[in-house]
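This one's a predicted model, so the numbers in the text were calculated from it and none came from an experiment. Letters A, B, ... mirror the listed sequences (proteins, then strands); counts begin at 1.
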Amino acid sequence: MSSAKLVAESGKILDVAAKDAPLTVRGLTVSYGNKPAVFSVDASIPAGSMTAIIGPNGAGKSTFLKGTLGVVPRLSGEVRIFGKLFEDARDRVAYVPQRASVDWDFPARVIDVVLMGLYGSVGLFRLWRARHREQAMDCLKRVGMADFADRQIGQLSGGQQQRVFLARALAQNAEFYLLDEPFAGVDAATERAIVSVLKELKAEGRTVVCVHHDLSTVAEYFDRVLLINVRRIAEGPVDTTFTAENLQETYGGRLAATHIDELHLA
Amino acid sequence: MGFVDYFISALFLQAGYNSALVAIGAGLLGLSAGSAGAFIFLRKRALVSDAISHATLPGVGLAFIIMVAFGSDGRWLPGLILGSAISSAIGLLMVEWITRKTRLTEDAAIGAVLSVFFGFGIVLLTVIQTMSSGRQAGLENFLLGSTAGMLISEATTIAIAGALAAAFVFLLRRPMTLVAFDPEYAATTGVNVRNIDLAMMGLALIVTVIGLKIVGLILIVALLIIPPVAARFWTNQVGKMIGIAAVIGGLSGYIGAVLSAAEASLPTGPIIVLVAFGFFLISALFSPLRGGLASALRHQRFQRRVHRRQGLLSLARREPIYDGLTIRILRRAGMIRADGVATARGRIAAEKAARDEARWAMARRMLPDDSAVERYDGLTPIERMMTPDQIAEIDRMILSAQNAQAPQGATT
């Protein structure tokens with residue numbers, strides 16, 4: 001993978017190995033009004049990696065994710081997914097939005113939400129068949145929610161809702177998974193279930209990117225980090241990039257030095 | 001023929017071809033309104049549809065004036081519908097544009113568009129009143145709807161358009177569901193959220209303009225929103241909710257049209273809305289799933305089960321019971337005597353509750369990730385949620401935990 005590095009100067013063509021990387025971002029800027037939430041961020045996510053996007057609140061982590069997927073409009077910058085425009089590669093990508101972004105009193109059962117992940121392959125008009133239902137049940141089993149298939153989604157705990165969202169993404173059978181704060185406010189059982197599914201995905205050679213806020217679990221769960229505070233601070237393997245120096249730069253004064261010491265960094 | 005007789009004969013389409021056709025037209029209108037409205041309701045955009053309906057009025061007035069200017073009858077319904085559709089589409093796009101391009105929120109945009117268009121429409125109606133051909137135009141009937149003197153061709157137009165709109169909802173149900181539930185995710189799967197939103201509002205627009213004659217523009221929003229709100233009480237599935245909303249809307253339109261035809265002085269739109277409200281009331285009170293009575297009963301039953309369980313556990317631990325409701329429940333079940341002492345039956349039940357509690361406590365420690373543990377509500381006996389093998393294993397663990405403590409207890 002040594003050739004898979006991004007050429008820093010803008011305008012230059014990325015070299016071959018990086019060209020088909022799951023995600024290549026150059027100069028991504030997204031703004032709300034005239035205030036940039038993400039400013040000229042570069043990133044390159046290699047295939048088969050597990051990357052945590054880290055940064056303080058309001059640093060633009062979620063916006064970065066949404067900007068790459070075109071959920072929010074880009075002000076400038078280029079994004080390539082497997083070397084293509086997102087529009088041409090979307091069936092290889094699955095997105096797990098923040099749990100709080102939807103109204104959970106919506107009239108749907110758990111299985112209905114997972115079936116939404118199959119809209120892409122079944123088409124928007126054809127009827128469901130038994131095999132689609134089986135596929136959805138398999139995804140629920142992977143996140144330990146098979147017994148909840150017929151529950152109304154409003155009756156789930158926060159952690160269970162998160163697992164349903166993950167199951168919906170699994171139903172898409174994508175190569176590249178982008179998750180927005182999958183561990184925010186979930187119980188310990190859910191966190192274990194999600195981590196084991198993500199590690200399975202990685203073992204299958206798929207690529208995972210998570211917006212993550214718990215610094216104490218970064219080294220345990222992920223092999224790469226992308227540090228963002230509106231601008232890109234650093235990106236690379238956990239061993240070399242997840243350092244006290246970089247964290248200090250990302251969080252500024254907001255992360256006390258004692259806090260960093262507790263992380264037992266290299 | 002009395003009102004009731006007429007109503008009953010009209011209800012079964014025996015009151016003449018014309019009124020039967022009007023009733024069927026109103027029914028199909030309600031069907032399309034209920035199903036299209038379901039998505040407006042789920043997308044939380046009821047007020048946008050109110051702006052759309054009020055924005056029809058200038059179109060009605062202008063279409064009338066133009067048709068008269070070209071020397072034809074200004075009351076020709078397809079012409080009026082076309083005019084109203086154009087002006088409400090402009091209103092809808094203005095709401096959209098204001099929300100997207102300025103920092104105003106959608107409710108402010110709705111308020112502005114709704115009142116300006118409606119005001120302009122009223123001015124046009126007043127101008128039409130002064131025109132020689134305008135006096136008998138009856139355009140004010142478009143405010144609250146009227147089926148009196150409706151032509152067969154008009155009823156047929158409404159029926160066909162209503163059926164088409166309902167079919168369109170069925171075709172688009174999946175992308176509209178996705179956008180209503182989770183627009184960000186929908187966008188990543190390739191659904192064009194803006195177009196689906198426009199399609200949703202376009203359906204509301206179609207329902208509005210074909211409903212102008214029967215329900216009127218002021219109340220059409222009620223026919224869009226009340227049926228899905230009522231339907232929501234009966235189901236937790238979006239597909240079923242759309243179906244139920246369509247049926248409630250259809251019945252409201254049909255029954256309301258028949259009622260107002262039976263007594264010509266009754267305005268059609270308000271009657272249809274009141275019938276829909278009747279369905280809402282029945283749903284809100286009596287639906288076994290989410291209705292008020294059923295959930296009150298469920299809550300009371302749950303409370304009693306909690307008290308019973310707590311009481312039995314207190315008995316098992318030989319603690320006194322102070323809670324009045326707990327005592328009453330245990331007394332009624334024959335678990336305790338008047339002096340608060342457990343009966344033989346009470347002792348057995350208490351022992352069983354204590355054993356169940358201990359098993360669950362061990363299950364939580366042994367199998368924290370098991371789905372039965374996750375689904376446990378604090379009351380359900382463990383036999384109903386775990387296999388006999390699992391329970392036997394739990395019992396073995398409890399026994400060995402007790403044995404581990406035995407050395408201290410052995411001295412007694």
Just do the side-chain contact (heavy atoms from CB on, under 4.5 Å) check on A:I153 and B:F181 with the steps written out, would you? CA-CA 12 Å; A:I153 53 172; B:F181 175 59; 3.7 Å; yes

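Your options are B:G190, B:P183, B:A187, and the one with the most heavy-atom pairs under 4.5 Å with chain A is B:G190. Considering only heavy-atom pairs separated by less than 4.5 Å from chain B, the leading option among A:M145, A:E87, A:K66 is A:K66.
By the 6.0 Å contact criterion, CH2 on A:W128 is enclosed, its count of non-hydrogen atoms from other residues, nucleotides or ligands being greater than 12.
For B:T188 against A:F86, the heavy-atom pair with the smallest separation is O-CZ, 3.5 Å. When all heavy atoms are compared, the tightest approach of A:D147 to B:R375 is OD2-NH2, 3.5 Å.
Within the model, atoms OG of A:S62 and CD of B:E184 stand 9.0 Å from one another, a figure rounded to the nearest 0.5 Å. A:Q152 CD to B:R290 CZ: the interatomic distance, rounded to the nearest 0.5 Å, is 6.0 Å.
Close approach to chain B, defined as a heavy atom under 4.5 Å from one of its heavy atoms, is seen in A:Y95, A:P97, A:S101, A:V102, A:D103, A:D105, A:F106, A:P107, A:A108, A:R109, A:D112, A:V113, A:M116, A:G117 of residues 92-118 of chain A, taken by number. Interface residues of residues 190-200 of chain A toward chain B, defined by a heavy-atom distance below 4.5 Å and sorted by number: A:R192. Interface with chain B: from residues 159-177 of chain A, residues A:Q160, A:R163, A:F165, A:R168, A:Q172 qualify, criterion being any non-hydrogen pair under 4.5 Å.
B:L178 is listed as a side-chain neighbour of A:Y119, based on a closest heavy-atom distance under 4.5 Å.
Residues passing the side-chain hydrogen bond (donor to acceptor under 3.5 Å, both in side chains) test with B:R359, sequence neighbours excluded: B:E383, B:D395.
When heavy atoms are compared at a cutoff of 4.5 Å, B:A186 does not approach chain A at all. Residue B:K240 does not touch chain A at all, counting heavy-atom pairs closer than 4.5 Å.
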